[in-house]
Amino acid sequence: MTSRVAAAIAAAKESGRGAFVGYLPIGYPDLQTSVEAAVTLAEAGADVLELGPPYSDPVMDGLVIQEATQAALAAGFRLRDTFTAVKAITDRVDVPVVVMTYWNPVMQYGVDRFADDLVAAGGAGLITPDITPDAAADWIAASERTGLDRIFLAAPTSTDERLAMIAEASTGFVYTVSTMGITGERGELDAAARHLVDRLRGHGVENACVGIGISTPDQVSGVLDYADGAIVGTALVRALRDGGLDGLAATAGELADGAHRPAE
């Protein structure tokens, strides 16, 4: 089956730029506004939407995202709302939507049930930050059956053996962690990200998208000098928190512009 995520990245390349992947939590500040925010992000130039169901133990998330997801949980978010939101978004925009989720909620929901409901809602795949390919047999089987992309994480500390496994198992793109630690904004991206992308290329990875710590148009442009996509989360969540949908649109537009210009 054709990967819609890979097709979106390929379309960006054909237009002479890299892909802009934008993250937002589902249910923040409320479910309907989170749908409007995702649509706004797509209309502002995101090539791929990454949506995160709030989780009670978000070990990878920085403070801004943690506060947003905790607010969504306090407002009554339930995992089934993920599919309601994805359906509402994909009914309105033709941008592939991937869900970034910790693995425990998927297991609790049922791997096949989760995959089927995500496909029915128009979703394109899953990013699974806390499960590795060798522990993901059920998910790999479900994704093969449904055609959902499975996006695993590669870190600077990953061994060559692990990178080979990730390269073989991933579809759509490999989520390339720019630096060790939690999500958030950093003044400078680690040089380790460029080296990690080079290592992934050596294992045959076609699409490597770099995330964690990217927050400015210049950083987006710099990452896209060597990677296929730049993933931004915290800066977008902050913009939504501080400026509502208008603030989000402005920030997303600036970040998308960063994907269109060469690195300085």
Side-chain angles (χ1 to χ4, degrees), residues 5 8-26 28-29 33-52 60-65 67-68 89 92-100 124 127 151 172-173 175-179 182-190 193-194 197 207-264:
V5 173
I9 295 172
K13 291 179 183 177
E14 289 170 6
S15 65
R17 59 183 179 83
F20 167 37
V21 182
Y23 166 89
L24 289 170
I26 302 170
Y28 177 75
T33 304
S34 71
V35 169
E36 296 300 329
V39 171
T40 297
L41 180 54
E43 291 177 343
D47 298 288
V48 178
L49 296 176
E50 176 189 336
L51 302 182
M60 273 191 59
D61 295 332
L63 184 60
V64 171
I65 293 175
E67 289 177 345
I89 294 160
R92 292 172 59 185
V93 296
D94 191 27
V95 172
V97 173
V98 296
V99 170
M100 183 170 187
I127 300 172
I151 300 164
F173 64 87
Y175 192 119
T176 309
V177 177
S178 68
T179 185
I182 59 175
T183 60
E185 297 160 300
R186 292 173 173 81
E188 296 181 8
L189 291 173
D190 289 350
R194 185 184 293 266
V197 170
N207 292 324
C209 296
V210 174
I212 303 189
I214 302 171
S215 60
T216 69
D218 285 343
Q219 288 176 339
V220 168
S221 177
V223 162
L224 293 177
D225 184 48
Y226 60 89
D228 306 288
I231 305 168
V232 182
T234 297
L236 295 169
V237 179
R238 176 179 281 115
L240 176 62
R241 181 195 70 187
D242 295 345
L245 295 176
D246 289 342
L248 174 64
T251 296
E254 292 170 358
L255 291 164
D257 287 344
H260 285 262
R261 67 172 190 260
E264 296 178 358

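No experiment lies behind these values; they were computed from the predicted model shown.
- By the neighbour-count criterion of 12 heavy atoms within 6.0 Å, atom CG of Asp94 is sparsely surrounded, having that number or fewer from other residues, nucleotides or ligands.
- Side-chain atoms of Asp228 come within 3.5 Å of backbone N or O of Ala208 as a donor-acceptor pair.
- Contact detail for Ile151 and Tyr175: the closest heavy-atom pair is CG2-N, 3.9 Å.
- Contact between Val210 and Ala193 at its shortest, heavy atoms only, is CG1-CB, 4.3 Å.
- To the nearest 0.5 Å, the span separating CD on Glu43 from CD on Glu36 amounts to 9.0 Å.
- Looking at heavy atoms from C-beta onward, Phe173 lies in side-chain contact with Ile127 at the 4.5 angstrom threshold.
- The backbone N or O of Gly172 sits less than 3.5 Å from a side-chain atom of Asn207, completing a donor-acceptor pair.
- Although no hydrogens or angles enter the test, the distance criterion places no donor-acceptor pair under 3.5 Å between the side chain of Ser221 and the main chain of Pro217.
- To the nearest 0.5 Å, atoms OG (Ser34) and CG (Leu240) are separated by 9.0 Å.
- Using a 4.5 Å cut-off on side-chain heavy atoms (C-beta onward), Val220 and Ile214 make contact.
- Under the 4.5 Å side-chain criterion, counting only non-hydrogen atoms from C-beta, Ile9 is in contact with Cys209.
- The two residues Tyr28 and Arg241 come nearest to each other via the heavy atoms OH-CG, 3.2 Å.
- Of the inter-residue distances, the one linking Thr33 atom OG1 with Leu245 atom CG reads 6.5 Å to the nearest 0.5 angstrom.
- The distance from the CG atom of Leu24 to the CE atom of Met100 is 13.0 Å, given to the nearest 0.5 Å.
- Put simply, the side chain of Val237 reaches to within 4.5 Å of the side chain of Tyr23, judged on heavy atoms.
- With Thr251 contributing its side chain and Leu248 its backbone, the two residues share no donor-acceptor pair below 3.5 Å.
- One finds the CG atom of Leu41 at 9.5 Å from the CD1 atom of Ile89 (value rounded to the nearest 0.5 Å).
- Closest non-hydrogen pair, Ala44 versus Ala249, comes out as CB-O, 4.0 Å.
- Between Arg238 and Glu67 there is no salt bridge, since no side-chain nitrogen of the basic residue lies less than 4.0 Å from a carboxylate oxygen of the acidic one.
- Distance CD1/Ile65 to CG/Leu236: 9.0 Å, rounded to 0.5 Å.
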